[in-house]
Structures are given as structure tokens and as C-alpha cells.
Undergrad: 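This is the structure I have questions about; it appears just below.
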Amino acid sequence: MTSARTDLRFLVIGAGMSGILSAIELRKAGYDDFVIYEKADRLGGTWRENTYPGIACDVPSHFYSYSFAPNPEWSHRFAPGAEIQAYFEDVAHRYEVASRIRFGKEVARGAFEDGRWKIVMADGSTDEGDVVIAATGVLHHPAYPDIKGLDGFAGACFHSARWNHDVTLAGKRVGVIGTGSSAIQIVSALVGEVAELALFQRTPQWVAPAENPPYSEEEKAEFRRRPEAMQELRAQVARAFTDGFANVLVDAESPVLQAIHQTCVANLENHVADPALRERLRPSYRAACKRLVLSENFYDAIQRPNAKLVTEPIERIEKSGVRTRDGRLHEVDVLVLATGFRVDRFVRPMQVIGRGGTALDDVWTDGPFAYMAISVPGFPNFFMLNGPTSPVGNFSLIDVAELQFAYILQLVESLRSGACGEICASREAMERFDAERKEAAKTTIWNSGCKSWYLDRNGLPTAWPWTFDRFRREMSEPRLDDYELR
Ligand code: N01
């Protein structure tokens with residue numbers, strides 16, 4: 001037992017959705033000594049980085065918001081990206097978080113020495129604290145495709161998460177590589193503006209229909225007048241998402257998943273007129289094996305006269321376009337790489353050094369892991385939000401981060417109360433958790449015969465493989481027996 005601590009200092013890394021959340025929740029819990037380090041010059045994380053045309057969140061807005069900061073002003077059922085970015089900026093301002101963010105400060109290294117975390121920024125400045133909260137996001141390191149000749153392309157070429165707004169697209173021939181959620185939104189948004197649009201598809205996607213009605217002025221006025229109406233809506237959507245999706249993904253045989261599959265099949269059958277195009281758009285795996293794409297207009301977009309779907313594999317990129325294996329050159333002026341993210345990075349490239357000089361990079365050589373997605377043995381007082389094996393999928397990562405933060409606060413309570421000076425998951429608990437997780441992952445829909453960013457290098461799904469209800473339960477109270485307290 002060490003003495004009670006009222007002066008704990010927290011170093012939060014990243015000023016995206018979960019970094020902002022951390023600051024707000026720390027203050028609510030009575031901690032005032034915290035700082036957020038942010039590499040960029042603006043908060044917002046994913047929503048700052050992704051500004052591509054058509055960007056929107058496919059989780060309903062009233063669910064994709066902090067539980068404590070409902071927003072009566074959401075314009076649509078699925079809010080556009082700029083509105084979400086503005087929401088985070090507004091919340092950070094209202095909750096006086098913005099003044100605690102140190103912009104332009106990339107944390108390059110953090111080491112646990114003499115019971116404290118000592119961090120070094122890329123610019124050489126330093127800081128230290130008792131607890132590190134890694135709020136560094138999941139989908140933030142663009143994955144660039146390894147395609148021959150990419151550097152030799154003469155036109156503008158950029159990744160979907162690094163959109164170059166200086167490039168005019170009107171009247172141009174645009175090529176989009178990839179068919180994930182980003183590409184589908186980009187294609188749907190751009191097709192009406194550009195002269196020609198070529199979508200290079202390596203793997204077709206199941207597309208679930210999703211209407212996106214605007215909220216009327218009356219509805220918004222009602223939300224302003226009666227905030228509990230937003231809470232009711234949120235609870236309703238959360239329940240529908242949990243029962244109708246998050247809970248069933250973990251059982252590939254679930255009838256609910258079969259119904260989702262049929263909905264996607266019907267969407268394809270009913271909306272794509274040309275049978276040949278329909279077959280080229282038809283995936284050979286089950287819906288929700290890859291992250292489900294939601295769209296109300298993709299099928300319309302790809303059937304426009306100025307759109308073409310290219311399914312022949314890409315051979316190489318040439319100065320003026322994309323050469324496919326059949327020898328055809330698809331000339332384009334602009335090439336968009338909607339090729340996804342390196343999802344195994346998490347807090348890296350920051351160098352994290354735990355007890356005894358052990359590097360996280362060395363511990364994670366076979367892939368990232370964390371007990372309950374939060375804590376790594378040997379790395380005391382270091383906690384991750386949306387870390388490895390967290391629930392990911394078509395549901396609110398805000399909800400996930402809120403549950404995780406409530407759990408982390410309970411671990412921190414052991415430090416505050418003086419029960420210990422250091423806390424991290426025990427190796428036994430980690431091994432047991434990982435063994436159970438891997439076993440459970442086998443029967444999830446993600447393991448039903450497709451390739452996706454949910455899979456690790458051995459082809460096993462990495463996401464939380466149990467129901468979301470179980471996640472909620474686990475997060476409600478840590479099992480302290482699974483932690484090593486010193
Ligand atoms: O990336 P992805 P994303 N040659 O990894 C293809 C969230 N998100 O940015 O399927 C040719 O899903 C690759 O092909 P294949 C959401 O969690 C949410 O679209 O591997 N093609 C695939 O089609 C989402 O899941 C929202 O065969 C290549 C695509 O690129 C996650 O972000 C919106 C290739 C990558 O798809 C990532 O989505 C956007 C190559 N060499 C994103 N390399 C909403 O909420 C890769 N591909 C709406």
C-alpha cells in the first residue's frame with residue numbers, strides 16, 4: 001500500500017474523439033493535472049484527416065455523439081464529416097478541453113522509469129506524468145498500395161485520407177482504387193461532378209441500403225426543447241445496433257446475419273439493372289464478413305453513363321493511367337487511393353518502453369494485443385482507448401471509448417487510493433484472455449471466408465469476438481485479480 005494520491009498527472013496522446021473524451025472524463029472524476037499532446041495543428045483525429053467528398057459516418061448521428069453531449073443540430077440521420085469535426089471542436093471548446101491541447105507535438109517516445117512515464121516529443125521537448133492514455137486511434141496510418149509504376153503517374157494522386165483539395169475534379173477523368181467504405185462514398189459523391197469515373201475493384205462489397213433523411217426544423221426544435229427525446233432516440237438506436245448487429249457478428253450462423261445477407265442481396269438485385277454488371281458487383285463471401293458498406297446511392301452512381309467498374313486486376317500504373325492485366329490502359333487525370341489503413345499500428349510509431357526497458361514493438365512482434373483491449377503486461381499505468389482487440393465494426397466507437405474510459409478510471413482509482421503505485425494486466429490474465437479471444441474469433445462472421453482489415457497476419461479476426469453486451473459487462477468493472485498491482 002502506497003499513500004493516497006491526489007496529484008496524479010495524466011498524459012493523453014491524441015486529440016481525436018477519445019482524447020477529448022479522456023480530458024472531459026478526467027476532469028469530471030476530479031483530476032485536473034492532465035495535458036493532451038497532438039501531432040497536428042487541429043483536433044478531431046479521423047474527422048480532421050478524412051475530408052474526402054461524400055464523407056459521412058455510417059453510424060446514426062445521435063448515437064455517434066458523446067452520451068453527455070447530445071446535439072440537437074445534427075442535420076441528417078448520418079452526419080457528414082465536416083459536421084462531426086465541428087461537433088468535436090464545439091465540445092472541446094464547451095468543456096474547456098481545447099486549452100489543454102498542445103498542438104504540433106508528436107510524442108516520439110515514452111518510457112516508464114522510476115515509477116513515472118517520461119515522454120519525449122519529436123521536437124525534443126519532454127514531459128512526465130503518472131499515467132499515459134493512448135488515444136491514438138485505429139484508422140490513421142494510410143496504407144499505400146504496392147502497385148508497380150505508382151510514382152510515375154503524371155496526374156494528381158493521393159490517398160483518400162489525404163485528400164488534395166487543390167486539385168479540381170470537375171470535368172476530369174478520375175480513377176478510384178478500392179471498394180471499401182471510403183471508396184463507395186467517394187464514388188457516390190464524385191460521379192455527378194467528374195467527366196469520367198473508373199472504379200478499380202479488387203473485391204466486390206456487399207452494400208446495405210441506408211436512407212439518410214435530413215432532420216426537419218421541427219424535429220431539431222423538439223430535440224432542443226426536450227433533450228430527453230435525443231436520449232430516447234440514442235437508447236433506441238443503441239439497442240437496435242446491439243441486438244441487430246453488434247451482438248450477432250460473433251455468431252456466423254445467426255439468423256439475424258442471414259437476414260442482413262438477404263437484405264444486401266435484394267439491394268443488389270433490385271438496384272442493378274444490367275445482369276453482367278450485377279454479377280461483377282456480387283461478392284462471393286457473406287455480408288458483414290468484411291465491414292458492411294452502407295450506402296443509399298452507390299449502385300445508382302456506378303450505373304451512371306460516365307462511370308465504369310473495372311474488375312480486371314491492375315497490372316501497373318503508367319504515366320497516363322492504369323494498365324490492367326488484359327492489356328487495356330484506363331486513362332485518368334486523377335488517381336484516388338482509397339486503399340485503407342495500416343491497422344496494426346495503434347500508438348506506434350511512438351516508441352513505448354515499459355518496465356525493465358522492454359519495448360512495446362518487441363512485445364508486439366506477432367501482432368498487437370492488450371488485455372481487455374486496454375492494458376499490456378509490463379507496461380504499467382499505460383492504457384489504450386480503442387486499442388488492439390477492441391470492438392470495431394458498424395457501431396459507435398464513441399460508445400466503445402466511453403465504456404473503456406469508465407473502466408480505466410476504475411483502474412486509476414487503485415493509484416489514487418494508494419492501493420498501488422503501478423497497475424497493469426498480469427501475464428496470466430493476458431494469456432488466458434488471448435487464448436479465449438482466439439478461440440471465440442473462429443466462429444465470428446469475420447472468419448467466414450473473406451479478407452479484410454479485421455484479420456491479423458495469420459488470418460484470424462482481431463476484433464472483440466464476443467457480444468457487445470459482454471463487452472459492456474466486462475467494462476463495467478475491472479477484475480482486479482487479473483491485474484498486477486505493485
Ligand atoms: O478502407 P478498406 P476504407 N490494389 O480497408 C482495396 C472506416 N470508414 O478506407 O478488399 C487494389 O475498407 C481493398 O481491396 P480488397 C470503416 O471502419 C468508415 O474504405 O482488400 N485494391 C479494399 O477494397 C472502414 O472499414 C466510414 O481486395 C486495393 C480497399 O482498397 C475503414 O474505415 C467511411 C489494393 C480498402 O478498403 C476503412 O475503410 C470510411 C491494391 N493494391 C471509412 N490495396 C463510414 O463510417 C487495397 N485495395 C461511412
Side-chain angles (χ1 to χ4, degrees), residues 17 45-47 49-61 63-64 76-81 83-84 137-150 158-163 175-189 198-208 210 212 241 245 249 281 283-285 288-298 309-317 322-325 330 335-344 386 390-398 400 446 449-455 459 461-463:
M17 171 277 287
T46 279
W47 302 102
E49 286 181 354
N50 286 273
T51 58
Y52 60 75
I55 183 164
C57 184
D58 59 14
V59 177
S61 328
F63 188 32
Y64 195 80
H76 286 77
R77 178 180 293 163
F78 301 105
E83 221 175 283
I84 299 172
V138 195
L139 300 158
H140 62 127
H141 295 288
Y144 288 91
D146 185 15
I147 303 177
K148 261 185 299 184
L150 194 56
F158 43 85
H159 190 273
S160 55
R162 297 286 181 273
W163 199 268
V176 177
I177 300 181
T179 48
S181 302
S182 302
I184 299 301
Q185 291 186 325
I186 291 167
V187 166
S188 309
L199 175 61
F200 296 91
Q201 168 185 285
R202 185 165 69 181
T203 314
Q205 284 275 4
W206 284 116
V207 179
N212 190 17
F241 258 67
F245 203 71
L249 291 168
L281 285 167
S284 58
Y285 54 88
C289 183
K290 281 172 175 288
R291 186 185 188 277
L292 199 57
V293 170
L294 270 71
S295 177
E296 66 175 343
N297 47 16
F298 170 67
L309 179 76
V310 181
T311 50
E312 191 66 30
I314 297 173
E315 178 65 29
R316 61 178 177 271
I317 309 286
V322 180
R323 178 83 63 185
T324 43
R325 206 173 285 169
H330 304 267
L335 197 51
V336 175
L337 309 173
T339 44
F341 299 87
R342 297 181 63 192
V343 293
D344 63 345
N386 289 301
S390 250
V392 286
N394 299 67
F395 43 92
S396 173
L397 286 194
I398 301 187
V400 171
W446 311 305
C450 69
K451 280 198 188 146
S452 79
W453 64 264
Y454 291 157
L455 307 182
T462 56

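As the structure lists them, so they are numbered: ligands from 1, and atoms in each ligand from 1.
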Undergrad: Could you give me the CA-CA distance, side-chain angles and deciding distance for His159 and Tyr144, then say whether ring pair (Phe, Tyr, Trp, His ring centres under 6.0 Å) is met?
TA: CA-CA 7 Å; His159 190 273; Tyr144 288 91; 5.3 Å; yes
Undergrad: Is ligand 1 under 4.0 Å from a heavy atom in the side chain of Ala56, in the backbone, in both, or in neither?
TA: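 It is the backbone that gets close, since no side chain atom is under 4.0 Å.
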Undergrad: Would you call Pro145 and Leu150 a side-chain contact if the rule is heavy atoms closer than 4.5 Å?
TA: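 SC-SC contact between Pro145 and Leu150 confirmed.
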Undergrad: Considering only heavy atoms, does Leu139 approach ligand 1 within less than 4.0 Å through its side chain, its backbone, both, or neither?
TA: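 Side chain only.
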Undergrad: What do you reckon, does Gln201 put a non-hydrogen atom under 4.0 Å from ligand 1?
TA: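 No.
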Undergrad: Minimum distance, heavy atoms only, to atom 31 (C) of ligand 1: which one of Tyr454, Tyr64, Trp453 is it?
TA: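 Minimum heavy-atom distance to atom 31 (C) of ligand 1 goes to Trp453.
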Undergrad: What protein heavy atom lies closest to atom 10 (O) of ligand 1? Include the residue and the distance to one decimal.
TA: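 It is Lys290 NZ, 2.6 Å.
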Undergrad: So, do Ser452 and Cys289 sit near enough that their side-chain heavy atoms are less than 4.5 Å apart?
TA: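 A side-chain contact under 4.5 Å is absent here.
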Undergrad: What protein heavy atom is closest to atom 24 (C) of ligand 1, reported as residue, atom name and distance in Å?
TA: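 Ranked first by proximity to atom 24 (C) of ligand 1 is Arg291 CD, 3.5 Å.
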Undergrad: Using side-chain heavy atoms (C-beta onward) and a distance below 4.5 Å, is Tyr454 in contact with Arg291?
TA: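 The answer is yes, as the side chains (C-beta and beyond) meet within the 4.5 Å cut-off.
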Undergrad: Less than 4.0 Å is my threshold; does some heavy atom of Tyr52 fall inside it relative to ligand 1?
TA: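 In this structure, Tyr52 qualifies as a contact of ligand 1 - some heavy atom is under 4.0 Å.
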Undergrad: Is the shortest side-chain heavy-atom distance between Val400 and Ser390 below 4.5 Å?
TA: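 They are in side-chain contact.
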Undergrad: Rounded to the nearest 0.5 Å, what separation is found between the OG1 atom of Thr203 and the CD atom of Gln201?
TA: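 So the OG1 of Thr203 and the CD of Gln201 are separated by 7.5 Å.
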Undergrad: Please report which non-hydrogen protein atom sits nearest to atom 22 (C) of ligand 1, along with the residue it belongs to and the distance in Å to one decimal place.
TA: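 For atom 22 (C) of ligand 1, the nearest protein heavy atom comes out as Thr179 N, 3.8 Å.
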Undergrad: For ligand 1, is there an atom lying under 4.0 Å from some heavy atom of Lys451?
TA: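 False for this residue.
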Undergrad: Below 30° counts as parallel, above 60° as perpendicular, anything between as tilted: where do the rings of His330 and Phe200 land?
TA: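 Because their plane-to-plane angle is over 60°, the rings of His330 and Phe200 count as perpendicular.
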Undergrad: Counting non-hydrogen protein atoms only, what is the nearest one to atom 15 (P) of ligand 1? Give residue, atom name and distance.
TA: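 Closest protein heavy atom to atom 15 (P) of ligand 1: Thr203 OG1, 3.5 Å.
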Undergrad: Look at atom CZ of Arg342 and say whether more than 12 heavy atoms of other residues, nucleotides or ligands are closer to it than 6.0 Å.
TA: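 Not buried by this count: 12 neighbours or fewer within 6.0 Å.
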Undergrad: Just to be sure I read this right, does ligand 1 sit under 4.0 Å from the backbone of Ala161, its side chain, both, or neither, counting only heavy atoms?
TA: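 Neither part.
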Undergrad: Taking heavy atoms and a distance under 4.0 Å, where does Gln205 meet ligand 1: side chain, backbone, both or neither?
TA: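 None of Gln205 does.
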Undergrad: Give the atoms of ligand 1, by number and element, whose distance to some non-hydrogen atom of Gln185 is under 4.0 Å.
TA: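 Heavy-atom distances to Gln185 below 4.0 Å select 33 (C), 48 (C).
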Undergrad: Answer whether the closest heavy-atom distance between the side chains of Val207 and Leu294 falls below 4.5 Å.
TA: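 No, every pair of side-chain atoms sits at 4.5 Å or beyond.
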Undergrad: Taking the basic N atoms (NZ, or NE/NH1/NH2) and the acidic carboxylate oxygens, is any pair closer than 4.0 Å for Asp58 and Arg77?
TA: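 Salt bridge between Asp58 and Arg77, a charged N being under 4.0 Å from a carboxylate O: no.
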Undergrad: Looking only at protein heavy atoms, identify the closest one to atom 1 (O) of ligand 1 and say how far it is in Å.
TA: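 Answer, as residue, atom name and distance: Gly340 CA, 3.2 Å.
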Undergrad: Between His76 and Ser61, do the side chains contain an N or O donor and an N or O acceptor separated by less than 3.5 Å?
TA: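 Distance-only check fails for His76 and Ser61.
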Undergrad: Could you tell me the residue and atom name of the protein heavy atom closest to atom 11 (C) of ligand 1, and the distance to it rounded to 0.1 Å?
TA: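 Nearest neighbour among protein heavy atoms for atom 11 (C) of ligand 1, to 0.1 Å: Ile177 CG2, 3.6 Å.
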Undergrad: In the protein, which heavy atom is nearest to atom 6 (C) of ligand 1, and how far is it?
TA: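 It is Gly178 CA, 3.6 Å.
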Undergrad: Have a look at Ala338, Ser182, Pro313, Pro145 and point out the one with the heavy atom closest to atom 42 (C) of ligand 1.
TA: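 Residue with the shortest heavy-atom distance to the ligand atom: Ser182.
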Undergrad: Using a plain distance cutoff, I'd like to know if Arg202 has any nitrogen or oxygen under 3.5 Å from a nitrogen or oxygen of ligand 1.
TA: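 By distance alone, the answer is yes.
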Undergrad: Starting from the C-alpha separation in whole Å, work towards a yes-or-no answer on ring pair (Phe, Tyr, Trp, His ring centres under 6.0 Å) for Trp453 and Phe341.
TA: CA-CA 8 Å; Trp453 64 264; Phe341 299 87; 8.4 Å; no
Undergrad: Considering both backbone and side-chain atoms of Asp146, is one of its nitrogen or oxygen atoms within less than 3.5 Å of a nitrogen or oxygen in ligand 1?
TA: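 No, Asp146 has no N/O under 3.5 Å of an N/O on ligand 1.
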Undergrad: I'd like to check which ligand 1 atoms, numbered from 1 as shown, lie under 4.0 Å from a non-hydrogen atom of Cys57.
TA: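 This gives 45 (O) as the contact atoms.
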Undergrad: In the protein, what heavy atom is nearest to atom 26 (C) of ligand 1, and what distance, to one decimal place, separates them?
TA: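 I find the closest protein heavy atom is Ser181 CB, 3.8 Å.
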Undergrad: Could you check whether any side-chain heavy atom of Glu49 comes within less than 4.5 Å of a side-chain heavy atom of Arg162, counting everything from C-beta outward?
TA: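 Side chain of Glu49 against side chain of Arg162, heavy atoms only: contact under 4.5 Å found.
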